[in-house]
Amino acid sequence: MTTLPAVQAQSAVSSRTEYEAALQRLRDASRAYYGDGDSPLDDATYDQLRRSVLAWEQENPAEVSPDSPTGLVADGAAPVGDVAHTTPLLSLDNVSDAEGLTAWGLSVQRRLGHVPQGGFTVEPKLDGAAVAARYRGGRLVQVITRGVGSHGEDVSHVIGQIDGLPEQLTLPVTVEVRGEVAFTQEQFETANEVRAAHNEQVFANPRNGVAGTLRAKGRSYQLRMTFWAYGAVELDSVAYLPAGATHAETLAAVAAVGIQTTADSPAGLHVVADLASAQQRVDAIAAMRAGLPVGIDGVVVKLDDATEQAAAGVGSRFPHWAIAFKLPAVERQTVLEDVVWEVGRTGVLAPTAILAPVEIDGSTVTRATLHNPADIRRRDLHIGDAVTVFKAGDIIPRVQGPVAQLRPEGAREVPLPEVCPNCGGEINKAQERWRCAKGTACALPALIGYAAGREMLDIEGLGKTYVAALVESGYVTDIADLFTLSAEQLTTASGSAKRAAKLAEQIEAAKALPLSRVFCALGVLGTGRSMSRRIARHFGDMGSIRQADAAALRDVEGIGPEKAPVIVEQVASLAPVIDKLIAAGVSMAEPREASPAGDAGPLAGKVVVVTGKMTGPLAAYARAEMTALIERAGGRAGSSVNAKTSILVAAPSAGGKPSTKAIKAAELGVEVHTPEDFAELVADFLS
Ligand code: IVH
């Protein structure tokens, strides 16, 4: 298969022939997924194809193939094991928005004949593989995969390899726990290092890696995985679990004997009274996703009460008492079209993957980070490969690895540079991260020359020759060093005491320049003069810029989801330079435009945060115009909701789903205004 399946799979199913072809693609993908763990379709494409097949089956019930994978657990492709499960290991039905969750709530209410009284639990949906683990007399005796739901495979050889699933419990209990085995990000990195060291193909992603690792017997190395229990059932008719225990109590009972549960995961297990609170928890867990040490692909909402669970019942594939709120895919397959090399400030050669554009979590990704030459070889990357690209929230997209079975003919190994791509000089290959042999001196002269420019630090006398001399002598290793040059050093570099005095004067004057000029001089990727001005005006001082996360940066006009994390990362990596600038007495503040309202405006002394698209009289106000409006009315625009925030202006979202900022504001007791209310408050200042 050389074409990208993602492209093939987009077509809707509109005829019997297309239906059969689609069934075949689904079967191939599932078989590959449960076999060697390298599915030729990514999750989003698979789900889309599956939905098209389901839609056609609903419209043509008489023509549904008797062995259609859509009616089977794991689409009938999981390896059929020979161990019967005590009770079937079911899958979860899913929704992807607030309306879906509400609809599920109504269906539960219909089944119960009343609104659920026992509350709901909310916990992460860990992205790994389901297993049942049997403990007899406190000893872990058997681990079984989900398989086809009724029967699974015995994978007890992994006992001892899984954190959170101890071989021996603290009490001699007999119980079967059910949960998810996954690689944490750290375990995944290690697993791939071990695989590469054994000359084996690296895993394309953590989930596939776990599925393969559970089933692999006789490997010469062991890979650690982690378990989180999300349920427990009776084993051998021994009643360990308290009768009528709620879901939360069941997990607590399991945790009490030493097993890790979803309640121990950083996202936690939350018991809430109603579905609106459950939705808020779903949003809160979704917002944590990028920072979690393990991948999640959703959030699971369950009825907490055992009697209500039983009354809601189970279907053939899913329990009616639980629902997965799916989060957008953070991983897609695309084609590696090229690799480009850039030389960073420190002389490190950084490879960037150029990708066929692919939509991930709401943004189009065309570039992704690759680590270093050794890593490129370890991952055996070829130009033309189908690669898995991973993007979680604020993290810069990265290439996980190639999908080996999709390598087209003619794909060629990623070429590694032979000379420094910046200066054409020698490369120092002593470490995994290659550097230009000139080190910082390679890219530095250009950067210093740029920083000294008229629109930045405006150090007129600092021409190419002096810059080269300053860098060569080692006096200047970054732009901050310009501010601590001695008269003697300047004289040596410029060849004249008179010129040195003039330079010193200009450098001294540059210390008082507004933040926007200094920020621009730092040479942060993607921030030219006008962007630097916008950032400086928005945040006001360097301290606030340094504190801003990607979400806060996106409040600046022109900064989208791709640029924001890059700026965060660059500002963080410039920390030593920024600290030196501060120590040298460089001004790090942007003077604010005087407010016509002075201290008497309706927003005097208030910090206002704006989120979402404005409506009503403010509908035409872009973010920069909102900032200007707030300042005209005497206030200051903030970027994130925190203890200093006075007002949050939030447009209610279409689905009525509160934004993360609105949740934070509610938690902190910050005043929340609709755009219409806010427009009234500042009516005198509207333009
Ligand atoms: S409850 C009878 N809770 O998601 C209830 N499942 O897509 C069955 N999963 O097969 C599952 N985290 O492997 C449940 N907190 C969680 C989960 C979870 C991950 C997996 C599980 C299930 C799959 C369904």
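All heavy atoms count here, side chains included; hydrogens, waters and symmetry mates do not. All ligand and atom numbering here is 1-based and tracks the order in the structure.
- Between Phe203 and Phe188, the angle of the ring planes stays under 30°, which puts this pair in the parallel group of the 30/60° scheme.
- For the side-chain hydrogen bond (donor to acceptor under 3.5 Å, both in side chains) test with Thr213, the passing option among Arg219, Arg224, Gln161 is Arg219; the others fail.
- Under 4.0 angstrom from ligand 1, the non-hydrogen atoms of Glu180 all belong to its side chain.
- With hydrogens left out, the protein atom closest to atom 12 (N) of ligand 1 is Leu126 N, 3.1 Å, a heavy atom.
- Side chain to side chain, Asn205 and Gln400 fail the donor-acceptor criterion of an N or O pair below 3.5 Å.
- For ligand 1, the atoms closer than 4.0 angstrom to any heavy atom of Ser91 are 7 (O), 24 (C).
- Here the protein heavy atom with the shortest distance to atom 21 (C) of ligand 1 is Tyr230 OH, 3.1 Å.
- By the 3.5 Å distance cut-off applied to N or O atoms, Lys125 is counted among the residues near ligand 1.
- Heavy-atom distances between Pro319 and ligand 1 reach below 4.0 Å in at least one pair.
- Under the 30°/60° scheme for interplanar angles, the aromatic rings of Tyr19 and Trp56 are found to lie parallel.
- Gln279 and Asp283 are linked by a side-chain donor-acceptor pair at a separation below 3.5 angstrom, with hydrogens and angles left out of the test.
- Looking at atom 3 (N) of ligand 1, its nearest protein heavy atom turns out to be Lys302 NZ, 3.0 Å.
- Of the heavy atoms in Val300, only side-chain atoms (C-beta onward) come closer than 4.0 Å to ligand 1.
- Using modelled atom types, one finds a donor on one side chain and an acceptor on the other under 3.5 Å when comparing Thr86 with Arg178.
- Each of the atoms 10 (O) of ligand 1 lies under 4.0 Å from some heavy atom of Arg146.
- Numbered from 1 in the order shown, with element, the atoms of ligand 1 that lie under 4.0 Å from a heavy atom of Leu90 read 8 (C), 10 (O).
- For ligand 1, the polar-atom distance check finds an N/O of Glu123 within less than 3.5 Å of one of the ligand's N/O atoms.
- Taking a cut-off of under 4.0 Å to the non-hydrogen atoms of Pro124, the atoms of ligand 1 that pass are 12 (N), 15 (N), 16 (C).
- Using modelled atom types, one finds a donor on one side chain and an acceptor on the other under 3.5 Å when comparing Arg139 with Gln168.
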